[in-house]
Amino acid sequence: MPNGEVHHTLWKAGWAVSFPAALYSVSFSPEFGLSLLVGYGLGRWIDPDWDIAGTTAAEGRMMNELKITGYVLYGISSIYGAIFRRFHRKWITHFPGVCTVIRLAFILLPIGVLWPGLLDYPVVLIGVWFGLSIADALHYLIDKFGGKIKYNFTKRIIVTGK
C-alpha cells in the first residue's frame, strides 16, 4: 500500500488537473474557482488518512508548516482519528466527496462557532469541498489501485502495470 509520501507526490502532480479546472471555473464564478484552488491546496495537510490514530505524513507537514494553526488542526485530526480509526480505508473515510464533507465538518464546526459569518458563503464552501474532493479522489485511486498504478519518482510520471 502507498505511504504518505507517495500520496503527497501524487497530490503535487494533481495540480495539473486542479489548476486548469480552477481557471475554467473562474470564468463563470471567481469565488468558486479560487476556493477550488484553496480546497485542493488543503489536500497537502487534510487528507483521508486522518482516520489513522497515529501521526501521518500530512499531519507532520501540517504542524511543521502551519505552526499554531497546524497544532490546532492536529488536535482536530486526532479527534477525527480516534473516532474513525476502525474505518481506515473504508468508504466513509476514503471515498471522495463523502469523506471530504465529514472532515470539513470537523474543521468548520469549531470555526463556525468562533466566527459564524465565515460560513455564510456557500459558493466558497462548495468550491473548497470540490477542490479537496479532487485531492481525495487521487488519494482514493492510489489506495484502491496502488498495485497497478505506480509513480516513477525519477521521471515523475505515473505508470501502470504489475
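Remember, predicted model here, so these are calculated numbers, not experimental data.
In the hydrophobic cluster analysis, where Ile, Leu, Val, Met, Phe, Trp and Tyr join through side-chain heavy atoms closer than 4.5 angstrom, Ile52 is grouped apart from Phe84. Linking ILVMFWY residues whenever their side-chain heavy atoms come closer than 4.5 Å, directly or via other members, leaves Leu114 and Val72 in distinct clusters. Under the 4.5 Å side-chain heavy-atom criterion for ILVMFWY residues, a single connected hydrophobic cluster contains both Ile76 and Tyr80. Residues Leu138 and Val17 are members of separate hydrophobic clusters, defined by side-chain heavy-atom contacts under 4.5 angstrom among Ile, Leu, Val, Met, Phe, Trp and Tyr. Linking ILVMFWY residues whenever their side-chain heavy atoms come closer than 4.5 Å, directly or via other members, places Trp45 and Val38 in the same cluster.
No donor-acceptor pair closer than 3.5 Å links the side chain of Trp129 to the backbone N or O of Gly39. A donor-acceptor pair is defined here as one N or O able to donate and one able to accept, closer than 3.5 Å; no such pair exists between the side chain of Tyr71 and the backbone of Leu66. In this structure, Trp50 contributes its side chain and Ile79 its backbone to no donor-acceptor pair below 3.5 Å.
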Only distances under 3.5 Å count here; give the side-chain donor-acceptor pairs of residues 97-113 to other protein atoms, sequence neighbours excluded, each with its distance to 0.1 Å.
residue: Thr100; atom: OG1; partner: Gly97; partner atom: N; Å: 3.2
residue: Thr100; atom: OG1; partner: Ser133; partner atom: OG; Å: 3.4
residue: Thr100; atom: OG1; partner: Asp136; partner atom: OD2; Å: 2.4
residue: Arg103; atom: NH1; partner: Ile46; partner atom: O; Å: 3.2
residue: Arg103; atom: NH2; partner: Asp136; partner atom: OD1; Å: 3.0
residue: Arg103; atom: NH2; partner: Asp136; partner atom: OD2; Å: 2.3

Could you tabulate the donor-acceptor pairs under 3.5 Å formed by side-chain atoms of residues 19-33, not counting sequence neighbours?
residue: Ser25; atom: OG; partner: Ala21; partner atom: O; Å: 2.8
residue: Ser27; atom: OG; partner: Tyr24; partner atom: O; Å: 2.5
residue: Ser29; atom: OG; partner: Phe32; partner atom: N; Å: 3.3

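Heavy-atom contacts from other residues, nucleotides or ligands closer than 6.0 Å to CD1 of Ile68 number 12 or fewer. Atom CZ of Phe130 has 12 or fewer heavy atoms from other residues, nucleotides or ligands within 6.0 Å.
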Practice task
Report the C-alpha separation of Trp15 and Leu37 in whole Å, then their side-chain angles, then the decisive distance to 0.1 Å, and conclude whether the side chain to side chain contact (heavy atoms under 4.5 Å, CB included) test is met.
Solution key: CA-CA 9 Å; Trp15 280 108; Leu37 278 179; 3.6 Å; yes
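Considering all non-hydrogen atoms of both residues, Leu10 and Ile142 come closest at CD2-CB, 3.8 Å. Taking all atoms of both residues into account, the shortest heavy-atom contact from Tyr40 to Gly14 is OH-CA, 3.0 Å. A pairwise comparison of heavy atoms in Gly70 and Met63 identifies O-CG, 3.9 Å as the closest pair. When every heavy atom of Arg44 is checked against every heavy atom of Ala58, the shortest pair comes out as O-CB, 3.8 Å.
Here the straight-line distance linking atom OH of Tyr121 with atom CD1 of Ile126 works out to 15.0 Å at 0.5 Å rounding. In this structure, the separation between CG on Asp47 and NE2 on His7 is 7.0 Å, given to the nearest 0.5 Å. The line from CZ of Arg89 to CG of Asp143 is 4.0 Å long, rounded to the nearest 0.5 Å.
Between His139 and Trp11 the shortest side-chain heavy-atom distance does not fall below 4.5 Å. Put simply, the side chain of Thr93 does not reach to within 4.5 Å of the side chain of Pro48, judged on heavy atoms. Counting only heavy atoms from C-beta outward, the side chains of His88 and His94 approach each other to under 4.5 Å.
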